[in-house]
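The figures here come from the full heavy-atom set of this structure, side chains too, leaving out hydrogens, waters and symmetry mates.
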Amino acid sequence: MPRKIRELIRELEQADFVDRGGKGSHRNFVHPKVAKPITISGKMNEDAKLYQERAVKRAIKESLS
C-alpha cells in the first residue's frame with residue numbers, strides 16, 4: 001500500500017530537510033549534504049508515487065553519509 005505525501009514530507013523534515021517552497025502543489029526540499037533538491041508534488045492526502053518514495057529514500061541516505 002503506498003504511503004501518503006504527508007508521510008514523505010514528515011520523513012524529510014525529520015531528516016533535517018528544509019522546504020524552500022514551490023509553485024502549486026510542488027514543494028522543494030533542500031539539505032546541505034544533498035546535491036539536488038527533492039521535489040514532492042501532490043496534495044497532502046494523496047498517495048505517493050513509487051518514484052517519489054524512491055527519491056526520498058535515496059536523498060535521506062545521501063544526507064546521512
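Considering CG of L12 and CD of Q14, their distance stands at 9.5 Å, rounded to 0.5 Å. For the atom pair N28 CG and D19 CG, the distance stands at 7.5 Å (nearest 0.5 Å). For the atom pair I40 CD1 and E53 CD, the distance stands at 9.5 Å (nearest 0.5 Å).
Side-chain contact between R27 and T39 is absent, with no heavy-atom pair separated by less than 4.5 Å. At a threshold of 4.5 Å between non-hydrogen side-chain atoms, the residues H31 and D16 count as touching. For the pair V56/Q52, no side-chain contact is recorded, criterion being any heavy-atom separation below 4.5 Å from C-beta on.
Nearest heavy atoms, A48 versus I5: CA-CD1, 3.9 Å. When every heavy atom of F17 is checked against every heavy atom of A59, the shortest pair comes out as CZ-O, 3.7 Å. Nearest heavy-atom pair across S65 and K33 is O-CD, 3.9 Å.
A salt bridge links D47 to K4: one of the charged nitrogens lies within less than 4.0 Å of a carboxylate oxygen.
When each of R6, E13, E11 is paired with I9, the side chain to side chain contact (heavy atoms under 4.5 Å, CB included) condition holds for E13 and for no other.
In the hydrophobic cluster analysis, where Ile, Leu, Val, Met, Phe, Trp and Tyr join through side-chain heavy atoms closer than 4.5 angstrom, L64 is grouped together with F29. Note on V18 and M44: separate hydrophobic clusters, where clusters join Ile, Leu, Val, Met, Phe, Trp and Tyr whose side-chain heavy atoms are under 4.5 Å apart, directly or indirectly.
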